[in-house]
Structure formats: C-alpha cells, structure tokens
Amino acid sequence: MSTDFAARHIGTDGAAQRRMLDALGYDALDDLVGRAVPSAIHAAPPADSVIPPAASEDEALAELRALAGRNGSARSMIGLGYYDTHTPAVIQRNVLENPSWYTAYTPYQPEISQGRLEALINFQTMVTDLTGLATAGASMLDESTAVVEGMLVARRASKSRSSVFLVDADALPQTKALLAHRADAVGIELHEVEITADAAALPEAFGILIQYPGASGRVVDPSRAIAAVQERGGLVVVAADLLALTLLRSPGALGADVAAGTTQRFGVPMGFGGPHAGYLAVRAGLERQLPGRLVGVSVDAAGDPAYRLSLQTREQHIRREKATSNICTAQVLLAVMASMYAVYHGPDGLRRIAEVVAGRAALLAEWLIEAGAEVVHETFFDTLTVRVPGRADEVVATAHDRGYQLWRWDADTVGISVDETTTTTDLHVVAQAFGGPAQRAFGFAAGALSARHTDASLARDDEYLTHPVFNTHRSETAMMRYLKQLADRDYALDRGMIPLGSCTMKLNAATEMAAVSWPEVARVHPFAPADDVRGYLDLVDQLESWLAEVTGYDAVSLQPNAGSQGELAGLLAIRGYHRSRGDEARDVCLIPSSAHGTNAASAVLAGMRVIVVACDEAGNVDLDDLRAKIAAHADALAALMITYPSTHGVYEHDVLAITGAVHDAGGQVYVDGANLNALLGYARFGDLGGDVSHLNLHKTFAIPHGGGGPGVGPVAAKAHLAPFLPSHPLAQRAEHAGGFLFDGGPVSAAPYGSASILPISWAYVRMMGAAGLRAATGAAVLAANYVAARLRDHYPVLYAGEGGLVAHECILDLRPLRESTGITVDDVAKRLIDYGFHAPTMSFPVAGTLMVEPTESEDLAEIDRFVEAMVAIRAEADRVAAGDWPADDNPLVGAPHTAVSTVVGEWRHPYTREEAVYPVRSLVRTKYWPPVRRIDQAYGDRNLVCSCPPPDAFA
Ligand SMILES: *Cc1c(COP(=O)(O)O)cnc(C)c1O
C-alpha cells in the first residue's frame, strides 16, 4: 500500500487545520499564508519543475537503493584521514539509529540533557587523555576545519607579531587547501616547511602545524621543531591520529600547545566524507581560546554535580563578531558514537586494535619489499608510501580491479592505509597488485614486526582512559544499559514537542534515516575514484538542482557542513566576486542587530568588518539607519546579511527596498536562509534580491539535530557568484548541476561535506514533492499563528507583520511578567520541564523573551498541550503576584523538580508536592523526570571542570 507521506509528515490533518483557521478567522490556509507573506514576493511554483511528483516511502527507498547500488564495492585503503571502521552494532542500533539520541537538540537546557552531556564529557576526556592536553571541546566539524581553528587559536594566543603560520609539508592535502583558503581571508601568510629539516632554519611564525603521523605515513619525532617554534613565541598545533596515539607519545608529552584531528575511525563510518566529529584540545591556560562548545561540571540547586555548557561567553551566540569562532552546530551525534567506541573498547581494546593495525601495516611492508617495491619510510603506524617508478597507475588499477582503492600520489608513488577492518587476505591481494607471489603462508607475529618500524623513543609510556567509565561497560548487556540510562535522562523529539524558535525541530522520518546505515552509503571514502561514487554524485546533482529551484538561485554547493560554514562560504564568494572586479576595498558587512550570532562571527572570518544596522520598533530593519550606514560606507560596502523572514519571526514588507538599496550601492545581499521553513513553496530568496544564501538542511530539510549536530549548510547563489562557491582539490568532478564550475577553495575537509546524511534531505524532498513542501510551509505558519493567537492574552506577542500575523515562529514577551510578578524567562523555561516540555528558544533574539516554533510536524493535541501548559504557568505566576506564594518559594523558581526532591525528606514548600510534579493530571502516566534540579550556571564557569568527574562526586 502506498500512503501519502506528506500526511505522515504534517501533524495537523484537514479537520485540525479547519479548527485552527477558525480560531484565527481565516477561510483557507492559502488566505492566511497569502496575507502573511508580502504579495510583492509571492512566487508561483514553476511550470517545468525539476522536482518530481511525490514518491511513496517504498518508492523513495527503492530509488535510493538503486542510487546507492551505483556506488562501487571496492574497499578503501586510501587513508588521508579517513579509515574504514567497525561500528559496534550496539552503538549503531542504540545511538546512530535511536531517535532518543539523534532527535535531541543542543544541550542549552542542561537539566533535560544530562545524558548527552555525560556522553560529551566522556568525549572530551577521551580526547584530552589521548592527546595529553588539558582541555578539549565537545566536537569540531572535521579534521581540516579543526586545524584551521587551531591556527586561529595560535594567532590569538601567540605573542609573536609575525603573520606567518608554518605548515608541515607532510600535512593532509585537504588540510593544506583549507588552510590556504581560510588564511588568505584573514591576512595570514602560510609557509610550507619540512619539519625534519634544520629547526634553526624555520622562519619566524606565530605558529606551526605538524601532522603526526604524516600524510605519507611517516612517524618522526617533532620535538626539535616544536621547541624551535615555541622559543620564538609561536604556538604548536599537532594534527594527530587518535588511534596512533594509543601507541605513540602524545602531542602534550611532546610539548604541543594544541592538538586537532578527527575521531572518525572510532566507529563512525567514512560516509563519503562525513559527518564525523573533529576534535580540538588545548594545553592549560588556553581554555578561554577554545572555539565551539565545551561541556563542564557544575552543581544543581540541591548541591549535586550536574553537567552544562561552559564558558559560553566565548561563543558566537553571545560574543558575536568577537567570538572565538563562528561554530554553532557541531557534530554531537558523531562525538557520542566515537566516545562510546572508547567506552566499549576501553584503553586495552583500543591499544589492541592499534597494535593489530600497526602489525598488519608492517606485514604489508615486508611483503611489498619482497615484491621489489620501495617502502619509503622506516617508521610508520598504519600508512605506507611505496615507490614503484613509472608503475603507480598500473598498480593502483590492478588493486582496484581486485577490489581495493589505493592512493596515487604521483606516477611513481602509491599510498596504502591499513585500518581495523583490513585482513591478511586483503594485504595479500594488495601485495599481489605490486607483483607479490600468488601463494604464501599467513602466520605472523604482529608485535615483533611492527617494532621494527617504530621509533622506540616515541613509544607511549603514560596511561590513558583510566576513568571507570572507560573500564566498566565491556559486555554488550552493560553497554546497552549504559546507553539506555543516558538516553532516559534526556528529552528529545521522541518524548514530545521541542518548540525551539529558529531551530525547526520537525520530524526526522525513519524512512529518511534508513540509507545512512547502508554500507554502500556508509563505507565510502571521500576521495574514492569517480567511478566508485556514481550514485553519490547523481544524488548530489539532483539535490543541488532541487534546492536551486526552491530558492530561486542558479547554483548550489553542498560542501559546507553546518549553517555557519555555509555563511562563511557565501561571504567568501562575495569577497571573491568583489576582488575579481578589482573592488578590493569592499570589506564592510552590514548586519541587523537582531541577526543570529553566527552572521557576525562568519563575516569576521571572511575578512570583513561588521557594521550593525538598527531595528525599528516593529522589529524590522530600520530603513533610515540602513540608508545612513550605506551612505557612510558606500565605497567599502561588501554585503548586507539579512535573515528572511527575520529572526523576529515576521515577513518584512520592505525587503525589496532593503535589498535594492544595497545593490544600488554596489553591495551584495546575503540572505540567511535558516528560516526557509516559513517560505518554501511560497517565495524564493532569489526573487527577494538575494545574491547568495545558506540553507540549513538540519532545520528545513529534515536532517535530525543529533543533540548539536551533524548539519549540512549548503550555499546557494546566483550565477555571477557561482565561480566563487566552494571547490575542492580532490573533488571527483569540477562540474555541478547546471554546468557550473566552482573555484572558491574548500570550506570543508571533504568535497561534498557531510555527504552520508544527504539521502535524508533527498528522501524528504522526494517524498513531499513540491506540493508537499508548500503544504508543510502552510502548516508550519498556521501552527505558529495559532499558538500566537491562543497565548496572546497571557503573554504579549512581541512582533507581528501584516494582519497581525507572524511567520513560522512567534516571540512571547515575558518582560512584563517579570515586572509584575518577578518570574523570569528562566523560571518559565524550567517550569515547562515539570509539565513535560522542552522550553522554546530563550532570550534570542530579544532578551527576556521566548521564541516558539511549533513546526508543521506537531499535531493539534500536542500544540494544545503546550498552549495549556503555558496558560497554566501564567496562572501560577499570577498566584505569586497575588501573594499566594512567596517570590522566592513557588513552583516556578523551584523548577524543575526531581523525583527525589519531592519524595525524600520533609516537604517544606508552600505549594504541594502534587503541584510540583503533577501540575496537570495527564502527566500521571507520561511523566518525564528530570535527573537534576536547576543548574547553577555561574558556578561551573568559576570552577571549571571539563573532564569526567570522579565517580564519588555522585555518591
Ligand atoms: C541555525 C541558524 C544559523 C546557524 O546554523 P548552524 O548550522 O547552527 O551553524 C544561522 N542563522 C540562523 C538564523 C539560524 O537560525
């Protein structure tokens, strides 16, 4: 039976929508949306749409199977930062494929996120232990961007006045390319150096990148280079392989200041480039320079330890253009998987895996030497560089015919990497491709062999992963239960609505998720030959062309692996465009005061100066201020970044006047497309005057949020900017849908970014069809307006547009409530937990407000349950104002209430225990119990602890 998927995706059916429209006084959905969206920007769906009519779930899966089947079956031994790995099935089933983990939001409400916060502090501890450094963040986007962040940490922290950053000649090629693109935008000069050369000859620099082991596989002691750079005030960034670090001296022990890399090979499939968690760790004293999220330990209202996000004042959402980075969405789900791989295997298991890998690489080296090839490096871990003068193509082709992808460095040189999935049979076949014998005996002593290829002075002699969490969960039963225990502490979409404004927490359908775990999708190397990734390339083409159509742009790049990276890519495209026309002086980026924090932080990383434009009382861009700022910076104007509909959740009617004014002054218009869920099928950024936008596939296009990532932030642009969109030196092809050639330099380590989650968005569009996408927009806008109308008498709705209508979200102003009752936005957010809800977005974009985005996926019963909770909370606040309850002891300031706080000991509050935890009867059977009480945010920053606390802390 084939069912209409759109009706499964959209929570409100015809009857429910009828009731909602009646409440709002509209006859039809199109009347409502038609009224809310300014008529000047209405766009009819194109007659010759490239989006096929909606497929059923079965049909979409069959098409995806066919696409996946077009990816070849050759196994990767390419290496270069990506290795095949065994994802423990207990982790695949209970994390990757478990909505309790993949549908959670970023843990900004820590009381309902203790499970994923614990998993992330495990991740941080794993990274700090293995790298030998003091503090690690809760994930980076990939290895190469983590190295860029490391370079920027070095620049901020170094006392050297030099603008030079040294790059190890043996760094990964994709990292070199990314460094070049990113350094150029911010005025950093790169020098490639040979780290084994005379250390005294190294040029003066604010920092150096050392790859350890090198891209060639070579393992050499970098100590002299480290000391030489540090003596002259530079900082040292070591890009290190975590599996190798189980055997090799850590970057910290070698004196490094920063370590960066990927955790991919800890059980996270290659996925044609991602997603996987990058990591960044720093020595003591540099914590405040870390980019991105950092989990720490604090205490709750009962004095018990509790996890939370630390030092948020470093981050873009608070510090904007002065933030340490633009990173927002990171790679939480994948960080959880990698940390659980370490939890499951423990230090001994990881070391054993590394020893087998090293032993097999050593065995392969022996066999290749025997076959007459030259193994270039004496000491290595898992990767060999092999010289076969004039024969590289032949060897690579022969190996490929027999089912293995090797890396062709040049006509004389081949690279081969061994990973935990490589068997001795694999090695034998590969050795044959080099001319090895057809028959041989297989027994081997791994230890003895690999010792021959190890530098004894680099052998690791300190302990790691000694915390009990890495030494307890050895049986599958124990592991399954640990994962369940953590998941049970969290509130994700599998419990109820997450009405976070700006985040679009819609359904992530099971059918959309299916392909992510298929081996033809998962076990694919990002630099595999084009013939082995035909299915992926076709899927990329189709998705690019669909996204171009719905946004009204000409070209799309799927490379950016988060919204923030899409912004950066788009701004770099604008920069490239201006420079190509000799407009080098255009470096001013105008950004409205209401903008998302990533906008300003991205502009700085694109080498631009941020000038803030005021908003008027209605929350719209202040046109007079905009004109004044344009006039003041006319010749320097590079771009305006504007969000549409605005971050205030309204469709600005003057948008064409705004974009026109920027164009008249020679500037380009960047439309932040994170709010596309309010527009899809009704209007297109390209028609609003946008030149370039990023979209968030992890918002509008159904990729799950993963507890704080993964994401995909495609950048879409008009034709004149297409040549400046992200390219990649190792991309399988230069041409993109529509025949465009991109040449802008990479923004991600992999050519197609987080490719393995693109099937999710592909399936979403394929099953919705153009009509379904439009229906989803209508349902989302209806739901937001319904919430606004029902709550308006209890909490003022801060901004509305035409006809008093909002877009897909609405801002509830809680400041008057605070004036009259003393109850804060925090109190309401935490009290919602007692009612079984995740709070809406708090204090963004306006302090003291809640921004509610129900999305189209919630049904009317859940929306009404939320409305009723908010109404009941308002009544509780009124009782505080009326003096029924004291201001410092009432169910709101006491929220959230744990089971233990209401059951154990004497109850001394003026409200009842029932009022505390069962404020409405319906909770009796469905209660979510938060594991901790309200968390003290300031305490955790004053007493910074960012690795696993000792178990007796919880006694
Ligand atoms: C979510 C969001 C972003 C940032 O996207 P990430 O994927 O988290 O980097 C940027 N702008 C707006 C308006 C957003 O809502």
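Counting starts at 1 for both ligands and their atoms, in listed order. We number each residue from 1, following the sequence as shown.
- In summary, the side chains of Tyr670 and His694 do present a donor paired with an acceptor at a separation below 3.5 Å, with no hydrogens or angles considered.
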Check ligand 1 for N or O atoms under 3.5 Å from a protein N or O and list each pair with its distance.
unit_1: ligand 1; atom_1: 5 (O); unit_2: Asn696; atom_2: ND2; d: 3.1
unit_1: ligand 1; atom_1: 7 (O); unit_2: Thr329; atom_2: OG1; d: 3.2
unit_1: ligand 1; atom_1: 7 (O); unit_2: Gly563; atom_2: N; d: 2.7
unit_1: ligand 1; atom_1: 7 (O); unit_2: His698; atom_2: NE2; d: 2.7
unit_1: ligand 1; atom_1: 8 (O); unit_2: Thr329; atom_2: N; d: 3.1
unit_1: ligand 1; atom_1: 8 (O); unit_2: Thr329; atom_2: OG1; d: 2.6
unit_1: ligand 1; atom_1: 9 (O); unit_2: Gly563; atom_2: N; d: 3.4
unit_1: ligand 1; atom_1: 9 (O); unit_2: Ser564; atom_2: N; d: 2.8
unit_1: ligand 1; atom_1: 11 (N); unit_2: Asp672; atom_2: OD1; d: 3.4
unit_1: ligand 1; atom_1: 11 (N); unit_2: Asp672; atom_2: OD2; d: 2.6
unit_1: ligand 1; atom_1: 15 (O); unit_2: Ser502; atom_2: O; d: 3.1
unit_1: ligand 1; atom_1: 15 (O); unit_2: Ser502; atom_2: OG; d: 2.6
unit_1: ligand 1; atom_1: 15 (O); unit_2: Lys699; atom_2: NZ; d: 2.7

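- No donor-acceptor pair under 3.5 Å is formed between the side chain of Asp622 and the backbone N or O of Asp616.
- Residues satisfying the ring pair (Phe, Tyr, Trp, His ring centres under 6.0 Å) criterion with Tyr536, sequence neighbours excluded, are Phe272.
- Atom CZ in Arg314 sits 10.5 Å away from atom CZ in Arg293 (nearest 0.5 Å).
- In summary, Asp691 and Lys718 do not engage in a salt bridge, as defined by a charged side-chain N under 4.0 Å from a carboxylate O.
- Put simply, the side chain of Thr777 does not reach to within 4.5 Å of the side chain of Glu856, judged on heavy atoms.
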